[in-house]
Number of protein chains: 2
Amino acid sequence: MAGVTIYQVAAEAGVSPSTVSNLLNGRAGRMLPATRRRVETAIEQLGYRPNRAARQLRTGRNQVIGLVVPSVANPFWGTFARHLEAAALEAGYHVLLCNSERDPERERRYVEELWSDGIGGVVLCSSLPSLEHMMPMVGEGLSLVAFDRTAQVGDHESLVNISLDNVLGARLAARHLIELGHRRLAFVSGALGSVNRRERFRGFSDALEDAGLDPADALVWSGGADHSYGDLDVAGLGRTAAAELLAEPDPPTAIVAINDMCALGVCAGIRDAGLRIASDVSVIGFDDIVLADLASPPLTTIRQPLAEMAAAAFANLRTGIESGTPMHGQSLLMRPELVIRESTGPYST
Amino acid sequence: MAGVTIYQVAAEAGVSPSTVSNLLNGRAGRMLPATRRRVETAIEQLGYRPNRAARQLRTGRNQVIGLVVPSVANPFWGTFARHLEAAALEAGYHVLLCNSERDPERERRYVEELWSDGIGGVVLCSSLPSLEHMMPMVGEGLSLVAFDRTAQVGDHESLVNISLDNVLGARLAARHLIELGHRRLAFVSGALGSVNRRERFRGFSDALEDAGLDPADALVWSGGADHSYGDLDVAGLGRTAAAELLAEPDPPTAIVAINDMCALGVCAGIRDAGLRIASDVSVIGFDDIVLADLASPPLTTIRQPLAEMAAAAFANLRTGIESGTPMHGQSLLMRPELVIRESTGPYST
DNA sequence: GTGAAAGCGCTAACAC
DNA sequence: GTGTTAGCGCTTTCAC
């Protein structure tokens, strides 16, 4: 800590602390150019940097937002974190990173701590159906943006939800497979009960119905009810899923994975079984992480416009924080995009 | 912000604020058990949470460390961030995330801001040879741990460096290839001038010499001097590198990539050229990111023990911050481990 | 063993 | 236009 205070600057410039403060806080409008110059010189010369703790103590607000993700080790969340940090930085905000490992209790503890640290806004990446446990704080003025989760019955009225249109995305995915001639489809996911898992499954079923297929005939693999897989193991889970599905009497010819990491695991499992991706079994992922394009074969997937979503999340949060009034509840559903690469191919007997 | 202060707690418990403060700060030793009980009850009842800004203003320090990484979108850094956050959390610290995009100027600005925000310690993941620009702050008391970078001539005496033994790692990598019979090796990297690029290249050269080969005969591809590739494009760079190297009159039969992301790109480039990995061209990476095992074929690589490294980084930082005295400069070089998978194979004419 | 009081550095009324 | 002043909530000597 440089240790130079606003008083020293004031003394150096021959003005009062409030003048310095005014300049610092953009109230330099009616200031004499000469005064202004003097203050700026003094700040420069002394290398003055305002003390944020003092400012926060006074104003009750700091320039920090919290980000709670399942795990930044997952490239999807890592990429999101980077975009969010970039958006925040542009507005002079910093980002406090929290990895929940998808534990609802940890999510709650994190948000509580952030709130009591004076952080005005949090982006919560939780796919929990109920955010009940956060609501007391939202009631007290916390701005909360739920990411990767759509609005649910019972949500607080000032909750903002930002996510992909998962139903549409999954529908796009399954339709692509059906158009390629596949009839025996599988859906692979981890933990049941997450909002977006439910939605993606819904879109998957819708597409089957659209094509006159019975969703009840589809193979659904959900990782065994009692397992709660970490966010990275999802790849290992895809691998296991593929092994089990391909050992079925009537195995699927195409697999929709809940996300790209899972799809990468499914691909590994297909190879483990001695089969070829696309020509033997088609695989489609979800997210379009950087690695989807690098994989072998490159992964067909549903793209989420992460940069735009991160920017929107931050913009909402900032408005909520700076307006001082509760945010107006809303949901933002981004448009998914089918990206066809080489992990999907036509059905062949 | 709950808004309940230490005064309200004191009033509720019928004691003075200092007594409450004493309890809060572990100075409850000589306190009457009855008093203590009363205060604890009051805290509980009012749901009191100390205001961190006020505490920081008073003590000058907060429970936050800064993490500056090139980009958390890169799975290697994402994984590191997660491990570091876990270590910090255990000690009650939070982590502020900064993505430098490998821009030295951004690195400096970030660290300066963190320092003036009252953050006592920073883990800086920079492979810049000189950390000169951080030194004024270190001189003033900032605890700085440089990660993924070894000690350099001219470093500040209280700088702690934590990294892998890159020379040994790269030597292990190249030796593995040579033992498989390869004689025509290539080394692929991005930006020149980073400390660990230099070290890895050194280990690569050493291994060639060990085997009686002339390092000058090796193919070195470094992304073109004037390009400064982002941390993710490193995969695209590997892809380009492979294309160019394989178009040479006398192409390499084995490639050492600067890291796994780059290696994944190299693999993509090899496939683009219609060749097969391992049987036609061997590829070895560095880091052992999660995706190395998921890739097709699974990537042979040099593993960095990231969790241990993150724990060590935090432990050092914490000691530095809490002791209040400058850290004792030292370097920690972790032992690399060769992980043989399927992207490397014997040389065949 | 417990309390009184003085600030940490800043902002924002409100005077002038 | 600029200065004076009163805290924000906490910690920490120093008295008692």
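Letters A, B, ... are given to chains in the order of the sequence lines, protein chains preceding strands, and every chain is numbered from 1.
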Quick one: which residue pairs count as a ring pair (Phe, Tyr, Trp, His ring centres under 6.0 Å) with a foot in residues 11-43 of chain A, not counting sequence neighbours?
none

Extract, from 5' to 3' on DNA chain C, the first and final nucleotides lying under 4.0 angstrom from some heavy atom of chain B.
C:dG1 to C:dG9

Is it true that a side-chain atom of A:Asp103 and a backbone atom of A:Glu105 form a donor plus acceptor pair closer than 3.5 Å?
yes

Interatomic distance where CG belongs to A:Asp117 and P belongs to D:dC10 [whole Å]
13 Å

Given D:dT11, D:dA6, D:dG9, identify the nucleotide with an atom nearest to the side chain of A:Arg58.
D:dA6

The salt bridge (Lys or Arg N to Asp or Glu O under 4.0 Å) partners of A:Arg36 (sequence neighbours excluded) come to A:Glu40

Both B:Tyr7 and B:Leu57 contact DNA chain C. Taking the nearest nucleotide for each, which residue is further toward the 5' end?
B:Tyr7

Would you mind checking if B:Arg109 and B:Glu113 are paired as a salt bridge, meaning a charged N to carboxylate O distance below 4.0 Å?
no

Rounded interatomic separation in angstrom, taking CG from A:Asn25 and P from D:dT2:
16 Å

Taking OP1 and OP2 of D:dT11, is either one under 4.0 Å from a side-chain nitrogen or oxygen of B:Ser21?
yes

Among D:dG3, D:dT11, D:dG1, the nucleotide that comes nearest once only the side chain of B:Pro17 is considered
D:dT11

Return yes when atom CZ of B:Arg27 has more than 12 non-hydrogen atoms of other residues, nucleotides or ligands closer than 6.0 Å, and no otherwise.
yes

Under 30°, 30 to 60°, or over 60°: which ring-plane class applies to B:His94 and A:Tyr110, parallel, tilted or perpendicular?
tilted

Atom pair distance, as rounded to whole Å: CG in A:Leu23 and P in D:dT2:
11 Å

Could you state the atom-to-atom distance from CD of B:Gln8 to P of D:dC8 in whole Å?
11 Å

Under 4.0 Å, heavy atoms only, any strand: does A:Leu32 hit a base, just the sugar-phosphate, or nothing?
sugar-phosphate

Could you go over nucleotides 13-16 of chain D and give all protein N or O partners under 3.5 Å, atom names and distances?
none

Does the side chain of A:Arg149 pick up a donor-acceptor pair with the side chain of A:Asn161 at under 3.5 Å?
yes

Looking across every strand, which nucleic acid part, if any, lies under 4.0 Å from B:Arg52 by heavy atom: base, sugar-phosphate, or nothing?
nothing

Length of the line joining A:Ile6:CD1 and D:dT2:C1', which is rounded to integer Å:
14 Å

Just the rounded figure in Å: distance from P of D:dT2 to CZ of A:Arg36.
11 Å

Please set out all donor-acceptor pairs under 3.5 angstrom arising from side-chain atoms of residues 6-20 of chain B, sequence neighbours excluded.
{"residue": "B:Ser16", "atom": "OG", "partner": "B:Ser18", "partner atom": "N", "Å": "3.3"}
{"residue": "B:Ser16", "atom": "OG", "partner": "B:Ser18", "partner atom": "OG", "Å": "3.0"}

So, using salt bridge (Lys or Arg N to Asp or Glu O under 4.0 Å) as the criterion, who are the partners of B:Glu322 when residues are at least two apart?
B:Arg318

